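Computation of the quantities below employed the complete heavy-atom set of this structure, encompassing side-chain atoms and omitting hydrogens, waters and symmetry-equivalent molecules. Because the structure is predicted, anything quoted here is derived from the model rather than measured. All residue numbers refer to positions in the sequence shown, counting from 1.
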Amino acid sequence: MVSAAAQAGVVAACVVLFVPMGLAGWHLSRNKVLFFSGALFISLAVGVHLSPYLPSLPHLASSFLLPHPGASSSSSSGSSCVPFLHRVSWSDAVGATDDGSGGGKARAWSWPPSLASACAFARLSRDDASLLLNGSWVMVAGDSQARLLVLALLRLLLDPAAAAAAEPELFRRHSDYRAAVPARGISVDFVWAPFESNLTRLLREDLRLAPRLPDVLVLGSGLWHMLHVTDAASYGDALASVAGAAKSLRSQIPVPPPHMFWLGLPHLVNHMLNTDAKRAHMNGTMLRAYDREVDRRGVLRGDGGPFLLLDVGKLSQGCGQQCTADGMHYDGDVYDAVMHIMLNALVIESQQRI
């Protein structure tokens, strides 16, 4: 809280600054140099008088630029932490050996301790995640990247035996999948939707007819378009349709809208891709062009869109080439990081909605 002395100082400063300027303004309006010189002089005088009541400039700047420890419970500070969610570091896991996936040694990710403390970022336990998602319907729609995110979520929510039993059904080729956690009333749906038109249809038709909307909606596509169409502008047009359908869906519901996330494209290791067609069409230049379309087509919140980005590209590149066997699909640790970033974003957004 601002002290009484500081409040009195601010009032006095306003009187000193604005009253003389108002009285002199009309007379000096024909001489702008003289007018602004007087204004500058008075402003400096006010600054000198107020300096004992105000924090130092470095302290004031740091309070705006950095998240403040212990302040993450408020919606404003929580929101300021969102841009830092993807600031994770990677290292070889303790005692790491080849994990058998063909990608090399196992890798581990973490948030820097200072950032985790300041923003209260944390890996959620099964109990914590179940409590956060209690009674929720989570829908993830997209291609194989989306399927791998669902696998990470099931491995967290279910016991190991149940998660292992779910994998064959989840990875049935080009099919949808549904799982439930009855004890918490959680439903998890995977919708096979490899093209952007599939996502638009899901938003404009399927979800409009559903008795309720998902509480958490994760969408992502682009790999199939890059392989089979290979046209970034066309991809951008399709993304604009997805964004428009998502905005329309959010605007026509009386209840709080779903938490919406966009699953970004992974980092592609071209020489490791397993077909000639993939190596020809899915290169670094094309990937950058597709990523630019995501940034500028009204999909993401920073561009006025409804989706918060889950940056698979940044996370997979951070994990490194040793984390992939085919240059496109990455080890489970990458999607585990994606999942925990999503869950921490949900914690922040849930606080903001209270």
Side-chain angles (χ1 to χ4, degrees), residues 65-89 108-140 146 148-158 163 179-181 183-189 212-220 246 250 253 255-264 300-302 305-312 314-315 318 332-354:
L65 296 175
L66 296 175
H68 191 277
S72 59
S73 59
S74 69
S75 60
S76 59
S77 60
S79 178
S80 70
C81 283
V82 169
F84 299 98
L85 279 166
H86 289 86
R87 192 172 290 183
V88 305
S89 57
W109 66 274
S110 63
W111 285 292
S114 59
L115 179 60
S117 174
C119 288
F121 294 158
R123 291 175 182 254
L124 274 66
S125 66
R126 179 173 298 127
D127 289 342
D128 290 337
S130 298
L131 183 61
L132 174 66
L133 299 174
N134 185 40
S136 296
W137 177 19
V138 180
M139 176 177 284
V140 183
L148 289 166
L149 175 59
V150 171
L151 176 61
L153 185 58
L154 293 180
R155 285 176 171 172
L156 179 62
L157 294 175
L158 302 176
V181 185
R184 288 291 189 177
I186 302 171
S187 297
V188 179
D189 276 350
R212 58 171 288 203
L213 292 178
D215 301 285
V216 180
L217 181 61
V218 185
L219 306 182
R250 288 170 62 96
I253 53 179
V255 296
H259 300 273
M260 292 186 174
F261 298 90
W262 183 261
L263 196 61
L300 305 180
R301 293 182 189 174
F307 296 96
L308 181 66
L309 178 65
L310 298 175
D311 197 344
V312 182
K314 181 175 183 178
L315 295 168
D333 291 316
V334 169
Y335 304 98
D336 178 73
V338 174
M339 176 196 62
H340 279 286
I341 287 171
M342 180 185 76
L343 293 177
N344 277 263
L346 286 174
V347 171
I348 294 172
E349 291 191 345
S350 297
Q351 293 171 345
Q352 292 173 336
R353 290 186 178 186
I354 294 175

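- A 4.5 Å side-chain heavy-atom check between L309 and L263 finds every atom pair outside the cut-off.
- When the side chain to side chain contact (heavy atoms under 4.5 Å, CB included) test is applied to L217, the partners found at least two apart in sequence or on another chain are M139, L203, L207, P214, L219, P258, M260.
- The two residues L158 and A180 come nearest to each other via the heavy atoms CD2-O, 4.2 Å.
- Residues I341 and L315 have side chains in contact (heavy-atom distance under 4.5 Å, counting atoms from C-beta outward).
- Note that CG of L308 and CZ of R301 are 4.5 Å apart. Values are rounded to the nearest 0.5 Å.
- In this structure, F261 and V216 have side chains that are in contact, with non-hydrogen atoms separated by less than 4.5 Å.
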Could you walk me through whether S130 and D127 pass the side-chain hydrogen bond (donor to acceptor under 3.5 Å, both in side chains) check?
CA-CA 5 Å; S130 298; D127 289 342; 5.5 Å; no
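- Interatomic distance, CZ of R87 versus SG of C81, reported as 10.5 Å (0.5 Å rounding).
- Among residues two or more places apart in sequence or in another chain, the side chain to side chain contact (heavy atoms under 4.5 Å, CB included) test is passed with S187 by W137.
- In this structure, CH2 on W111 lies 7.5 Å from NE2 on H340, to the nearest 0.5 angstrom.
- Nearest heavy-atom pair across A122 and N344 is O-ND2, 2.8 Å.
- Legend: residues meeting salt bridge (Lys or Arg N to Asp or Glu O under 4.0 Å) with R250, ordered by chain and number and at least two apart, are absent.
- Nearest heavy atoms, A345 versus L85: CB-CD1, 3.8 Å.
- Ion pairing between a basic and an acidic side chain is recognised when a charged N comes within 4.0 Å of a carboxylate O; D336 and R123 show such pairing.
- For R155, the salt bridge (Lys or Arg N to Asp or Glu O under 4.0 Å) partners two or more places apart in sequence, or in a different chain, are E167.
- Of the possible donor and acceptor atoms, one in the side chain of H86 sits under 3.5 Å from a partner among the backbone N and O of D311.
- For N134, the side chain to side chain contact (heavy atoms under 4.5 Å, CB included) criterion is met by R184, not counting sequence neighbours.
- For D189, the salt bridge (Lys or Arg N to Asp or Glu O under 4.0 Å) test picks out R178, with sequence neighbours left out.
- In this structure, the side chains of L156 and L154 stay at 4.5 Å or more apart for every pair of heavy atoms.
- The closest side-chain heavy-atom distance from I348 to F121 is below 4.5 Å.
- For the pair L346 and L133, the minimum side-chain heavy-atom distance is below 4.5 Å.
- With a 4.5 Å cut-off on side-chain heavy atoms, V188 and L153 count as touching.
- In this structure, L300 and W262 have side chains that are in contact, with non-hydrogen atoms separated by less than 4.5 Å.
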Mind running side-chain contact (heavy atoms from CB on, under 4.5 Å) on V138 and D215 for me, showing each step along the way?
CA-CA 6 Å; V138 180; D215 301 285; over 6 Å; no
